[in-house]
A.B. asks: 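Just passing along the structure, written as structure tokens.
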Amino acid sequence: MKCAVVVFPGSNCDRDMYHAVKDELGADADLVWYQEANLADYDAVLLPGGFSYGDYLRSGAMAATSPIVEQIRAAAEAGKPVLGVCNGFQILLESGLLPGAMLPNKKLKFMCHTETLIVENADTPFTQQYKEKEEIQIPIAHGDGNYFCDQTTLERLRENKQVVFTYQTNPNGSAGDIAGIVNERGNVLGMMPHPERAVDALLGTDDGLRLFQSILTYWREHYAINA
Amino acid sequence: MRKVKIHITLKEGVLDPQGKAVQHSLKSLEYNNVHDVRVGKYMEVLVDDKEDLEAEIDKMCDQLLANPVIENYTYTIEEAG
């Protein structure tokens, strides 16, 4: 499996993401500059955290207008796993690949600590290595992580099992305690917590590693029958 | 050329923590008559005039300047210069 870690001006978790899939997972991975990337060459697309374009206007808004988004959309339509973490999640929301929007944290503080997440759906390409309702420890680091959508959308997300992770103790005011959601098809995941910072017990928790292992397993089952 | 003055505000029902903080600060300055504060954005955009300028401004707002999930926008178009 070949992963593209898309680097925008202002990304700052790109190397952590690269380390997680390249060194800890053992997959092929490239850091690809957003203006030069050809995502058709890759099996999975990873949008890292950071502050693309300095969070100008709204977090993720400027990156969502760059031409790479059409390639990300094409990858999603082709059924490839697309993962957006933190700013990557914000970019997926701003580009309409996932429903909803991000507001500033309820208490207006940038928060950086480990949270307990509950795995609400263990039947996605990103979570099949977890158990349903399993509690996992994953760090957060964001100022705009207060997920918002209207009530109809929230009910639809719940009905379709698109809510993948919730916070055990809601840190930011997020609707429905949402920490991560997938699209209807299930192959595009956006989440505020950072699984790429939780891939080695030496750094506090390796609960995030199984998310990447899940992607690899999914890819092997669906695309690498002869590999 | 035209100058477009755009106001972007949070939709009703969308929590505005910044507005709430400002409201509390006004209260601590003893402005007890203040009941609510909503913080928005104001932009001035200089554009070439054209026949369907309003349609184009709507499109700009929907595509980038505002996020229709959480924000509303209004604008006025003035002669620039």
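Protein chains get the first letters and strands the later ones, always in sequence-line order, with residue 1 at the start of each. This structure is a prediction, so every number in the text was calculated from the model and none was measured.
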A.B. asks: Can you tell me if CZ on A:Arg15 sees more than 12 non-hydrogen neighbours from other groups inside 6.0 Å?
C.D. replies: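 Result for CZ/A:Arg15: open.
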
A.B. asks: Work out which heavy atom in A:Arg58 is nearest to a heavy atom in B:Leu65; give both atom names and the distance.
C.D. replies: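 Nearest pair, atom of A:Arg58 first, then B:Leu65: NH1-O, 3.0 Å.
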
A.B. asks: Would the number of heavy atoms belonging to other residues, nucleotides or ligands and lying under 6.0 Å from NZ of A:Lys106 be above 12?
C.D. replies: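 Open.
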
A.B. asks: How long is the straight-line distance from CD1 of B:Ile70 back to CG of A:Leu103, given to the nearest 0.5 Å?
C.D. replies: 5.0 Å

A.B. asks: With a 4.5 Å limit on heavy-atom distance, are the side chains of A:Thr65 and B:Gln63 in contact?
C.D. replies: no

A.B. asks: If you count every heavy atom of other residues, nucleotides or ligands that lies below 6.0 Å from B:Glu54 atom CD, does the total exceed 12?
C.D. replies: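 No - once you tally the heavy atoms of other residues, nucleotides and ligands closer than 6.0 Å, there are 12 at most.
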
A.B. asks: Where on B:Lys20 is there a heavy atom nearer than 4.5 Å to chain A: the side chain, the backbone, both, or neither?
C.D. replies: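 The answer is neither part of B:Lys20.
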
A.B. asks: Got more than 12 heavy atoms from elsewhere within 6.0 Å of CG, A:Asp123?
C.D. replies: no

A.B. asks: Closest heavy-atom contact between B:Asn67 and A:Ala101?
C.D. replies: ND2-CB, 3.5 Å

A.B. asks: Please indicate whether A:Gln128 has more than 12 foreign heavy atoms, meaning atoms of other residues, nucleotides or ligands, lying under 6.0 Å from its CD.
C.D. replies: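 Yes, because the 6.0 Å sphere around CD of A:Gln128 holds more than 12 heavy atoms from other groups.
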
A.B. asks: Specify the closest pair of heavy atoms between A:Phe148 and B:Val69, including all atoms of both residues, with the distance to one decimal.
C.D. replies: CE2-O, 3.8 Å

A.B. asks: Can you see which heavy atom on B:Pro17 is nearest to which on A:Pro104, and at what distance?
C.D. replies: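 Result for this residue pair: CG-O, 3.9 Å.
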
A.B. asks: Name the region of A:Asp150, side chain, backbone, both or neither, that has any atom closer than 4.5 Å to a heavy atom of chain B.
C.D. replies: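 Contact with chain B involves no heavy atom of A:Asp150 at all.
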
A.B. asks: Measuring heavy-atom distances to chain A, does B:Leu10 have an atom under 4.5 Å in its side chain, in its backbone, in both, or in neither?
C.D. replies: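 Side chain of B:Leu10 only, per the 4.5 Å heavy-atom cut-off to chain A.
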
A.B. asks: May I ask you to check whether over 12 heavy atoms, not counting those of A:Tyr56, lie within 6.0 Å of atom OH?
C.D. replies: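 No, because the 6.0 Å sphere around OH of A:Tyr56 holds 12 heavy atoms or fewer from other groups.
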
A.B. asks: Kindly check if the number of other-residue, nucleotide or ligand heavy atoms within 6.0 Å of CD (B:Glu12) is above 12?
C.D. replies: no

